[in-house]
Every structure is written in structure tokens, then in C-alpha cells.
Asks: 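Supplied in C-alpha cells, the structure appears directly below.
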Amino acid sequence: MSKRASLGQVHKYSLPVHPIEVPNIVPHNPISWVQFLIAYWKGVTVVQTTTADFVNGQFLVSNDEDIKTLWKNGFFGKGIFSRSEATWYDRTQKRLGLGEFKNLTIEEITAIRRDERKKFKKERAKLEAKQAELKKAGIVDPFIEERLELKNLRDKDIDVKVERTIDFRDDDQQLLVDGKLQNLETLELFAAEAFFLKFALNAINIRHNDQPISTVELFNKLSSSKVDDLFIMNYVVYHHYRSLGWCVRSGIKFGTEYLLYKRGPPFHHAEHAVIILPNYKDEQQNEQVAKDFVWLSSISRVIGGVRKNLIIVFVDIPTQEEFDSCETLEEKFKLYKINELLYRRWVANKNRD
Amino acid sequence: MEDEEALLTSTANPDTQIEFEDEIQDWRNLTKIKDTSLPKRGEKDYEPDGTNLQNSVLEESRNSMFDALAGDRSHVVKQHVKAIWISSQKRGLITKPKGSFLQTCGVIDSENKCWLRPEEFCYLAERGSIEPWFEDKDLAMSIEACYAYCFDNDDEIDEYHVYSYLKRHGFIVMKNEEQRIIPKLQTISPMKRVYSQLLKWINYFTLPNLITNLFGHKPYPFFQNLNFTSKKFTSYSQIYNSIKLIPFRSHSTPSTQPQPQSSSTQSKLIPTFNIWKPSPNFSKKSPPLPNFQILVQNVNKYKLPTLKQLHDLINSTNYQNKHHIDSDQSKRLKNGYGFVLIATVDYGIINIVKLSEADFGNENVWYVPGPKPQNKKNNGKNNKNQNNNNNNNNKDKNKDKKGKK
Amino acid sequence: MNKEEGAMVTDEKLPISIINNKAFIFDLNVIKKLRFLGIGGVLSGTLPTAPQQNVFLGLPLQLMIEEVVWLVENEYAYLVPERDFLNDLIQGLNNDDVLQIQNEKQKLMDLEQNEKLIQLNDKLDKLGKNNTSDETKLKNINQSLSIKIFDNSNNLKNSEFLKKTILQNKLIQKNLLNSLNYNNLNYKIFNHLKLKNYFLAPGLRFGGKFIGYPGDPLRYHAHLIINTINWNQDIGLMNIVNGGRLATGVKKVWLIGSERDDDEDEQEDEQDEQEEKDEKVRCFSVEWAGFG
Amino acid sequence: MSIPLVDQVQQNLLFQQLWTQVTPIKLSNITILQGFPKEKLISDDETNLNKEFVLPIKLKDEITPNMLDQVFKELQGVKRLVLGIVNDDGTVVYYIVHDGVYKPKKN
């Protein structure tokens with residue numbers, strides 16, 4: 001309970017831009033009006049600016065404070081050695097038996113669950129081997145009871161209690177300097193994330209070859225000037241969902257472009273997965289790039305398997321002339337329009353009554 | 001649980017995600033299906049292991065299948081219905097119509113003769129309810145002959161498979177012969193519109209807003225040069241609204257950017273069938289709006305239609321509750337608005353998908369902290385409620401009310 | 001292997017009905033023989049004895065194009081242009097033939113009538129209530145006789161003869177096969193896996209071109225989700241991610257089937273053409289590594 | 001600061017996936033990695049820990065059957081390869097590619 005509250009406190013802000021905190025106004029209480037006005041006049045919209053290096057096509061944030069800021073304020077970036085939040089340092093401390101015992105990280109809990117599942121599978125394999133033997137002798141299925149038990153074992157929530165074991169490999173020697181663990185982990189932003197922080201929020205400084213880089217320069221590095229450039233398509237979609245309040249993260253694990261979280265990963269599961277397709281003005285061009293149903297069926301199976309909603313975002317692609325005639329990036333982006341379709345398997349049995 | 005965990009556990013047991021019909025079933029279970037309850041998924045083996053037991057079980061399964069396939073296709077003399085295939089009309093003709101299937105199949109003309117569409121004719125013959133006859137020979141047709149004569153092209157055969165698939169599921173299915181586009185009705189009822197306008201005004205005059213408005217704050221920023229610090233944002237809704245930039249297709253103003261008429265000969269797609277849920281009071285003469293409309297597409301021949309085609313297709317649909325809008329935000333996001341079904345067919349294997357128009361652009365989901373909690377324990381709960389309220393229908397209500405002083 | 005199997009398959013070529021470029025089997029005996037050849041097809045008709053469900057379906061059986069090509073190339077089957085064949089068959093019937101068909105039908109009904117009468121008498125005798133005349137009983141029995149609808153037209157005169165003519169007409173056979181317009185790579189991969197004793201089925205439901213079973217799908221779970229990709233075509237890493245996820249989740253592998261494009265191999269002597277061709281097929285099996 | 005593709009996957013294997021003895025090998029056109037995983041890659045394997053080969057590749061890169069064939073040709077006798085697919089958010093996902101038709105794991 002208190003953990004939940006504190007999580008809410010840590011992630012109070014959903015962008016690295018914070019509104020001015022003003023007190024509530026009670027209409028019949030003039031003092032509240034005054035308080036409001038004072039807070040308003042004194043207040044400043046806070047922008048928490050961080051710094052990233054743009055090297056070899058990667059956006060890396062190495063300053064610990066910046067990493068924390070980006071994660072706390074809207075879940076930007078991903079630890080390069082972690083599933084999402086940069087937790088490698090803590091994890092490794094624990095693994096190497098350094099530092100204090102802290103809460104388990106997601107990665108550790110997952111590892112334990114997987115171990116348990118493996119044990120179960122081993123038992124099942126044994127059982128099946130036994131069964132096969134008997135089958136050769138012509139005896140059928142004497143193990144229904146045991147199998148049921150196994151099923152229970154599988155269905156039961158796997159209890160996550162751990163005793164600490166230290167795992168020190170030769171390869172870990174290089175991590176230690178004077179017996180202290182070096183933090184090798186940096187935070188990586190994907191291109192649309194970095195560009196959003198720069199272009200839409202102006203909350204990040206991006207260095208390229210140790211020199212600060214402007215928004216336009218960055219844009220030119222990330223995109224070809226072609227109107228159906230993948231970066232542009234991905235960016236406008238990213239911007240669209242971010243500006244509606246979604247926490248947008250990569251969907252690569254499920255073979256999609258993005259996953260949409262309400263608030264952020266620790267609060268909700270991602271309910272929606274996004275794939276992006278172009279919609280040209282020329283129908284013939286659209287027919288040429290049309291996807292086949294089998295491809296969609298495969299994606300929808302994976303997404304349906306994790307009970308997520310699949311959104312196909314068709315991005316209207318302007319003509320090259322329209323695009324080139326725009327002076328500002330803002331105008332250019334406004335030429336792209338988002339069209340959303342939901343794609344879901346329809347099961348006849350479940351729609352009859 | 002983490003997403004990945006969800007994947008692992010949900011797929012550890014493939015049964016949970018694969019529908020029963022998807023898998024090839026053990027025909028020894030067919031007898032169970034006749035007792036109305038679905039049989040349990042038969043235990044299958046990993047691979048052939050060369051044991052006699054396995055071979056004999058396989059043989060048993062095959063024989064059950066062959067026996068079932070050998071079952072008679074027939075009806076009794078008392079219920080005899082003869083239907084003649086009239087090639088020139090592409091219709092089956094029943095001169096003395098009778099039978100319960102008439103409730104949902106065929107059209108009765110002024111002479112009280114019943115005309116069956118090809119898929120109806122073939123389906124009724126296949127399930128043994130009518131005896132199909134040749135027109136110019138005094139001879140009954142076989143199922144083989146029905147297939148050969150009823151369908152003029154490969155698409156019609158795929159459509160037939162979808163028709164009978166849905167019929168077997170108990171749906172009432174009719175060809176969607178309405179070749180014109182049904183004009184789209186107003187999506188928002190007038191009352192609703194007045195109401196939402198009203199809310200907008202009410203919100204405009206809520207005090208914090210009034211003040212920020214008076215101080216001339218314009219929510220639209222200049223991108224690139226944007227400097228939030230020079231703006232007085234007092235809530236996240238202002239910040240988010242200020243970064244809204246990308247246009248989106250909204251369900252309430254769905255007109256797409258004008259697309260030049262393409263020279264492509266691609267024909268307009270129209271739903272193939274209308275589908276009704278089973279109903280004992282169904283009147284085929286004056287049917288209500290269907291529950292669903294479905295387009296049939298062969299996956300080896302057709303690709304996903306273009307966006308324009310899909311929009312046109314969805315616009316052309318007309319079915320019950322088309323304009324129903326969920327009051328709950330998360331349901332709206334998941335279910336979308338207008339939809340069409342597409343039956344994708346791969347050699348008679350049918351996979352139906354629902355394509356619906358979504359409109360995330362009209363829904364804000366940013367987190368709004370609740371009022372200051374009475375005590376810590378209630379914190380999470382309050383937030384939730386607050387969120388739900390906001391989700392209802394008015395985004396402008398999403399003003400942050402910071403509970404802290 | 002089953003004892004009957006050998007006898008069954010060597011018998012004679014099996015007819016495949018081609019209707020609008022689709023291939024169907026309307027004869028249960030042919031279906032049985034195909035099953036022993038490892039050709040399952042898709043049952044796609046309503047099962048008349050259980051018409052209100054979609055789990056178990058009935059005749060006709062629809063075949064995938066690759067199955068058809070395989071059967072024809074291996075000389076197990078031949079193609080029948082169904083509509084033309086039926087037109088000829090029916091036009092060729094004169095009034096006497098039609099009468100004869102009706103007589104045969106009547107004979108069947110008479111037999112059923114007799115049987116039912118005997119059954120009824122037995123029953124009534126046992127109950128000791130057999131006091132009505134046979135004529136009255138027949139009136140009722142006649143109402144309950146069954147009108148049968150046949151799967152196929154094999155009972156029509158000259159059906160065998162006509163099919164033989166079609167079988168022997170090489171031009172018809174060639175044209176029909178060409179009209180199926182099959183994709184060469186898909187067929188190569190089909191053939192390759194068939195040689196490895198896989199049973200193949202359409203793949204839509206698992207997001208592939210085919211799915212592959214290690215034996216008869218009635219008894220075994222599928223192992224392979226099969227995709228066909230040209231030698232120098234991009235497989236698409238996102239497709240690998242997606243396909244691998246899906247396949248591993250349902251205990252299968254995501255198979256990439258391709259065919260070498262290189263010309264160097266061409267010079268090699270062509271002793272066994274079939275195998276030579278198949279050696280060019282190259283497969284890769286993808287699964288999720290279980291971490292990362 | 002700069003992390004080229006191969007280093008990126010190498011570090012990910014070493015420090016996130018906890019593989020050991022991860023070293024690059026140069027093939028004629030590309031560099032791949034070899035090393036030992038934390039646990040058996042395939043639970044049905046008979047030997048305890050096998051040396052595995054990892055091909056680092058960017059998600060947006062092309063991969064063709066021809067390319068896979070080339071890698072297997074150069075790694076004579078190796079029956080499987082791991083693709084280390086690098087996304088632009090720094091995620092590396094791993095997929096096993098078996099040479100030929102491979103039966104899925106029984107469990």
C-alpha cells in the first residue's frame with residue numbers, strides 16, 4: 001500500500017515539464033483567490049532538462065541524475081542492460097554480493113519464475129518419458145492423477161522468495177575498480193523519444209561529436225528528406241500518442257512498433273500495441289505496398305496472446321511538393337494525419353448471443 | 001506481472017489462445033458433439049513413435065472420420081422438398097415451398113414459389129434439407145453438380161464457405177444485395193452535442209481557467225523555440241494540449257483529406273453478407289438491420305484493402321447499434337466505433353477479423369491526481385475514481401486540481 | 001504403414017475435380033486413399049449428420065494447389081474439368097438412361113421399405129399388437145423413407161468412361177494444371193517437406209503459408225509454421241521476432257523455406273532430377289531464444 | 001562512448017544475459033560473436049553448455065535466406081545460430097535460427 005503511494009509520488013509528473021502548483025479556489029472564499037494569484041504570479045513552469053549524446057545512431061544518457069529524471073518524468077528511455085528502468089547496477093551489486101539487500105528487480109523476479117517453470121517442465125518431461133515406455137508395452141494413460149497434480153503446480157502462483165546466492169564470473173573482474181562496482185549502464189532513448197524531448201518539450205540537450213545540435217540539424221540526421229521516411233512516420237505517431245497522455249514505449253518484443261501504457265509501466269500493463277503503415281494519396285501505390293492477411297494474422301495472434309489491443313495506424317503521406325514547401329518542422333508534421341483502425345479476431349461463438 | 005511474463009504464461013498453455021475450431025480434432029469425439037456439449041480437446045502426441053498403440057489409435061481416429069463422412073445426406077419423404085436449379089436465373093426454384101428453413105432462406109414470389117440464392121441452394125442440399133434437381137433432365141443433382149453449377153467464379157466459392165460456416169454457427173445470413181452506399185447517419189445525437197457544448201462552456205468559466213484565459217495564455221506553442229518556462233501552465237492538461245500537433249481522423253468528422261480520384265480500377269468493396277444473431281421471430285420479408293456485415297476475402301488472392309477502401313467499406317455498413325458509443329473510455333478505446341467484419345479464407349479455413357475505426361485522438365489519458373486524500377490508504381482508490389470520471393466524455397474536465405497546498 | 005495402403009494407392013489414378021480453379025474431392029473413397037498418401041486437404045462441407053457445428057466438417061474435401069500439383073506430378077491423380085465433364089455426362093443421357101437411374105433409386109427405396117416393414121412387424125409381434133394390414137403400415141412407412149442426396153455423380157452412366165478419356169487427354173491435363181497458376185517456390189517447399197514425411201495444411205491460422213504436422217494431424221500437434229521466401233528477399237527481422245514469438249508460444253518453430261538462386265550448381269549432372277531440384281531447397285527454423 | 005553493433009551485443013550478452021567468454025570472430029564479410037550462455041540454450045541438448053554463435057544485426061537491417069546460408073557455410077558444422085537483434089531503443093532480442101528443418105522443443 002505504502003509502496004504504491006510512494007510510486008505515485010515518485011512518478012508524480014508525466015513529462016519532464018511540470019505545471020505550476022496553484023491552490024484550489026473556493027469561490028466564496030476570497031482568500032483562496034489571493035492565494036491562487038500569488039502562486040500563479042510567483043510560479044514558473046519547470047522544465048527538467050537533461051543531456052544525451054547522439055553517437056552512432058544511438059541516443060545515450062550517462063549522467064545518473066539525468067537517467068533518473070527521464071525515468072521518473074514519463075518513463076523515457078531504457079537501461080541498456082535492463083528490461084526497462086536502468087537497474088543493472090543494483091542487480092549486479094546483489095549478484096556479486098556487494099552492497100545491501102534491496103527489493104527484487106523485475107528482472108530477478110522473472111528469472112525466478114522462469115526457473116520454477118523449468119522445474120515444472122522437467123518433471124513433465126520425465127512423466128512423459130515414463131508414459132511413452134508404458135505405451136510401448138501397450139498400456140494407456142495411467143497417469144491422469146499425476147498429470148492433474150502437475151497442472152495444479154503450474155497454475156499455482158509461483159512464490160517468489162529468495163535466498164541470496166553470489167554468482168561471480170571471471171568476466172566480472174573487469175567490472176570492479178578497487179573492489180567497487182563500476183556502473184556500465186547508460187540509458188538509451190530511441191530516435192522518436194529523443195526527438196520528442198527536443199522538438200516538442202525542449203527538455204533535452206543533444207550533443208553530437210561533443211557539440212550541441214539543433215532541432216533542425218537533428219531532424220536532418222534522423223530522416224531522409226523523403227516524404228514517406230520511416231522516422232517521420234514513426235515520429236508523428238509517437239508525438240500523437242504522447243500528446244494524448246500515453247506513455248509510448250517500443251513494441252519490439254511483440255513484433256510491433258509501439259506499446260501504449262496508461263501512465264507508465266509500473267502502473268498499468270500496456271493495453272495497446274501499434275503497427276504503422278503508410279497511406280499514400282495514390283491508390284495504386286497503396287495497393288503495391290498492401291500487407292497480406294497472413295502477416296496481419298501472425299501479428300494479431302501474438303498481440304491477442306498477450307491480451308492486447310492491436311491498432312493499425314495508417315499515416316497519410318503528403319506529396320513531396322507539399323512537404324518541401326513547408327518552412328518549419330511543425331508545418332511539415334502537420335501534413336501527416338493519423339488514421340486508426342483496430343484489428344481483432346472475431347470469434348463466432350462469442351458473438352452469437 | 002510484466003508483459004513478457006504475461007506472454008510466457010499465456011502461451012505456456014497453447015489451449016488458452018487457440019480456439020477450439022482451429023485445431024484438427026479427433027473424430028472419435030464426434031459422438032460427444034452430438035450430445036450438445038463440446039468434446040474436450042483430444043490428447044494428441046508429439047510425433048509418431050512407431051508404437052502399435054499409436055498406430056491403432058490413429059487408425060481408430062481415421063475410421064471414425066471415414067464413418068462420419070459416410071453418413072447419409074437425406075430427408076424423409078414426408079418432408080420432401082425438391083428444388084430445381086434454374087441456370088438462367090442463377091437461382092434454385094422450389095415450387096411447393098415447405099420446411100422450417102424457409103424462415104431464413106429464399107424469397108417467395110407472387111405465385112408462392114420460393115427462389116433460393118446459389119449459396120442457399122447449395123447449403124440446403126449439402127445438409128440434406130432439399131433435393132436438388134436439374135432443370136432440363138428429370139434427374140437429381142449430386143453435391144458435386146451443385147458445386148459445379150452454382151458458382152461462377154472462385155470468389156463465389158469462398159463466399160459460400162463463409163456463408164455455410166456462419167449458418168452452421170446458427171446465424172441468419174443473407175447476401176447483402178444492396179449495392180448502393182447507405183448514407184451515414186449523424187454520429188452524435190443532437191442532445192449529446194448540446195450537452196457537450198454546454199460542458200465546454202461551463203469548463204471555460206471555471207475559475208483557474210478563466211484566469212489563465214484572461215492572462216492571455218494561448219495553448220499553442222511554437223515548436224522548436226518552445227520555452228515552457230515563459231508560459232504559465234497550471235495543469236498537465238494545458239501542457240498536453242499545448243503540444244498537440246498531429247492531425248487525426250476523428251469518428252465525428254471522418255472525412256478524409258480529399259484524395260484525388262485515382263485511375264485505379266480497384267472496385268469499391270461492399271460487405272458480402274448481412275448477419276443476424278439467431279432469433280425465433282426473424283422476419284425475412286422485413287428484416288431488421290443486421291447485427292454484423294461481413295466481407296469475404298481469399299488470403300491467397302487478396303491483400304489487406306487500402307485505407308480508403310476500408311473507410312469506404314466501413315462507411316457503407318449499416319447495422320444495429322452502429323452509432324452506439326460506449327460510455328466507458330477504456331471500452332471506447334478497445335471497441336472503437338464503426339466496424340466491418342472480414343472473413344479471410346485460406347482453402348476453406350476461415351478466420352474472421354473485426355476492423356473498427358478507432359479514435360484515440362479524442363481521448364485524453366493523462367494522469368490527473370485526485371483531491372487531497374483523507375488518509376494515505378485511500379490514495380490509490382481516489383485517483384482511480386478521479387480518472388474514471390475524467391474519462392467519461394469531456395476532455396476539458398481534465399484540469400488538474402492539485403490537492404496540495 | 002497399413003497393409004491395405006500399398007494396394008490402395010497403386011490401383012489407379014485418382015480424379016480431382018477442378019471447379020473455378022479450385023480443387024475438390026467428392027468421393028469418400030478417394031479421400032481415404034489420399035489420406036494414406038499423406039494428403040489431408042480441408043474438409044469444407046457441412047456434415048449432414050451434425051450440421052450445426054464447425055468442428056467436424058464433411059464432404060467435399062478441398063485441396064491446396066500444392067497438394068494437387070504434388071499428386072499430379074507423382075502420378076497419383078489427374079484433373080477433371082468438372083463443369084465440362086458434367087455437361088457431357090448429362091447431355092449424354094437419353095430418356096432410357098434417366099429412367100434407369102430412377103428405377104435404381106426406386107429399387108433402393110423398395111429395399112428400405114421392405115426392411116422397415118419387417119422391422120415394424122417384428123416389433124408389433126413382440127408386443128402382440130400386430131393386427132393392422134400391411135397396406136396401412138406401408139402408408140406410414142412410405143412417409144418415413146429417406147430421399148438421399150448423393151455426394152458425387154459416379155452413379156451416372158459413362159462417368160468412368162468419360163473420366164478415362166479426360167485422363168488420357170494430355171492437353172487437357174496440361175492446360176488444367178497450368179490454369180491453377182501455382183507459385184513455384186511454394187510448391188518446392190511443399191514438396192521438400194512432403195519428402196520428409198510432413199503432413200501440410202493451410203497456414204492462415206498460425207500466420208504462415210502452411211503448417212506442418214509430423215504425421216496425420218488427427219493424432220499429432222503441428223510442428224512447423226512455414227513461410228516461403230525468395231533466396232535474396234528480405235525476411236524482415238520484425239517478422240522473425242513476431243513469427244518466432246508466435247511459434248515458440250504454441251510449441252512450434254517458424255520455418256523459412258527458400259530455394260537457392262545460384263547458377264553454379266546447374267552444371268552438375270542430372271541423374272535424379274527430382275532430388276536434384278530438391279537439393280536446392282534450403283530451410284531455416286526460427287524460435288525465440290528464451291531470453292532477452 | 002561509441003558502441004558499434006558488435007560491441008553492443010557483446011556487452012549485452014556479458015552483462016545483461018550473463019554469458020561468459022564472449023569474443024568476436026571475423027568471418028569474410030561480417031563479425032559474429034561466440035560464447036557460452038548462462039544456461040543451456042535448448043533444454044533438450046544432451047551436453048551441458050555448448051559454445052553458441054551470435055550474429056549481431058540491427059532490427060532495420062535486411063536479412064535474406066542467402067545471408068543465413070553464407071553464415072552457416074562459414075561456420076562449418078554449426079547447427080544453430082543466435083540472432084542478436086538490436087532495436088533503436090537499445091533492446092536486444094535473441095532468436096535461434098536452426099540450420100534446416102528443426103523439431104520444436106517438446107517442452
Side-chain angles (χ1 to χ4, degrees), chain A residues 4-5 14 17 19-25 44-45 47 106 110 135-136 138 199-200 202 215 236 239-240 243-246 262-263 269-270 279 281-284 286-287 290-294 296-297 305-306 309 311 314 316 330 333-334 337-348 352, chain B residues 2-3 5-7 10-11 17 19 51 53 169-170 207 223-224 226 228-229 231-236 239-240 243-249 257 259-260 262 264 266 277 299 303-304 306-308 334 336 341 344 351-358 360 364-367 376 379-380 401-402 405:
Chain A
R4 171 122 202 145
S14 55
V17 178
I20 301 164
E21 294 195 4
V22 286
N24 276 337
I25 289 178
V44 197
T45 310
V47 176
I106 286 167
T110 306
K135 213 159 136 192
K136 278 194 186 129
F199 163 77
N202 199 18
T215 308
V236 294
H239 189 119
H240 172 70
S243 71
L244 296 165
W246 294 98
K262 255 189 194 164
R263 229 182 145 185
H269 283 274
N279 176 42
K281 294 207 164 166
D282 176 6
E283 276 290 274
Q284 265 168 353
N286 286 328
E287 280 162 34
K291 292 290 183 181
D292 63 56
F293 282 109
V294 174
L296 265 169
S297 143
V306 288
N309 193 27
I311 313 170
F314 281 94
D316 279 359
E330 187 185 344
F333 290 145
K334 277 176 158 178
K337 186 171 160 186
I338 305 290
N339 302 268
E340 294 153 329
L341 285 175
L342 304 178
Y343 182 100
R344 185 186 309 166
R345 194 143 185 258
W346 187 85
V347 180
R352 198 168 37 204
Chain B
E2 262 264 333
D3 287 321
E5 282 299 287
L7 178 82
S10 76
T11 54
Q17 57 156 320
E19 291 302 322
T51 58
L53 179 73
H169 266 301
L207 286 166
F223 284 89
Q224 306 167 62
L226 174 72
F228 279 106
T229 43
K231 300 279 188 305
K232 299 252 176 193
F233 289 112
T234 56
S235 73
Y236 259 120
I239 293 174
Y240 276 109
I243 59 170
K244 283 188 179 166
L245 174 71
I246 314 297
F248 58 90
R249 184 180 200 268
Q257 281 168 329
Q259 296 226 4
S262 108
S264 159
Q266 188 78 30
K277 294 176 180 182
V299 297
K303 293 191 163 188
L304 181 72
T306 66
L307 179 68
K308 184 178 184 313
K334 273 190 191 141
L341 304 182
T344 54
N351 192 18
I352 302 181
V353 298
K354 177 180 175 180
L355 272 165
S356 4
E357 286 185 292
F360 278 57
N364 297 319
V365 298
W366 54 76
Y367 169 66
K376 260 194 172 165
N379 201 2
K401 283 181 187 147
K402 289 267 179 279
K405 302 216 171 180

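Just so we're on the same page: letters track the sequence lines, and every chain starts at 1.
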Asks: Return the minimal non-hydrogen interatomic distance between A:Ala290 and B:Leu304, and the atom names on each side.
Replies: CB-O, 3.5 Å
Asks: What heavy-atom pair brings B:Tyr240 and A:Ser14 nearest, and what distance separates the two atoms?
Replies: OH-OG, 2.9 Å
Asks: Rounded to the nearest 0.5 Å, how far does CZ of B:Phe360 lie from CG of A:Leu244?
Replies: 9.5 Å
Asks: Can you tell me which portion of A:Leu296 sits under 4.5 Å from chain B's heavy atoms? Options are side chain, backbone, both or neither.
Replies: side chain
Asks: With side chains defined as the heavy atoms from C-beta onward, is the minimum distance between B:Asn351 and A:Ser297 less than 4.5 Å?
Replies: yes
Asks: Out of curiosity, A:Asn339 CG to B:Phe248 CZ, how far, rounded to the nearest 0.5 Å?
Replies: 11.0 Å
Asks: Indicate the atoms forming the closest heavy-atom contact of A:Phe314 with B:Leu307, along with that distance.
Replies: CD1-CD1, 3.4 Å
Asks: Measure the spacing between CD of A:Gln284 and OG1 of B:Thr306 and express it to the nearest 0.5 Å.
Replies: 11.5 Å
Asks: Please round to the nearest 0.5 Å and tell me the distance separating atom NE2 of A:His239 and atom NZ of B:Lys244.
Replies: 10.0 Å
Asks: For A:Arg344 and B:Lys334, indicate whether the former's side chain and the latter's backbone hold a donor-acceptor pair under 3.5 Å.
Replies: yes
Asks: Does any N or O in the side chain of B:Tyr236 come within less than 3.5 Å of the main-chain N or O of A:Val17, such that one atom is a donor and the other an acceptor?
Replies: yes
Asks: Counting only non-hydrogen atoms closer than 4.5 Å, does B:Leu355 touch chain A with its backbone (N, CA, C, O), its side chain (CB onward), both, or neither?
Replies: both
Asks: Is there side-chain contact between A:Pro19 and B:Ile239, with heavy atoms separated by less than 4.5 Å?
Replies: yes
Asks: Indicate yes or no: at least one non-hydrogen side-chain atom of B:Phe233 is less than 4.5 angstrom from one of A:Ile20.
Replies: no
Asks: Provide the closest heavy-atom pair for B:Val365 versus A:Gly245 in the form atom of the first, atom of the second, distance.
Replies: CG2-C, 3.6 Å
Asks: Roughly how far apart are B:Arg249 CZ and A:Leu341 CG, rounded to 0.5 Å?
Replies: 8.0 Å
Asks: Roughly how far, to the nearest 0.5 Å, is the CD1 atom of B:Ile246 from the NZ atom of A:Lys337?
Replies: 13.0 Å
Asks: Is there a side chain to side chain contact (heavy atoms under 4.5 Å, CB included) between B:Val353 and A:Trp346? Walk through the geometry before answering.
Replies: CA-CA 5 Å; B:Val353 298; A:Trp346 187 85; 5.9 Å; no
Asks: Under 4.5 Å heavy-atom distance to chain A, tell me which part of B:Thr344 shows up: side chain, backbone, both or neither.
Replies: side chain
Asks: Identify, with sequence neighbours excluded, every residue that meets salt bridge (charged side-chain N to carboxylate O under 4.0 Å, His left out) alongside B:Lys303.
Replies: none
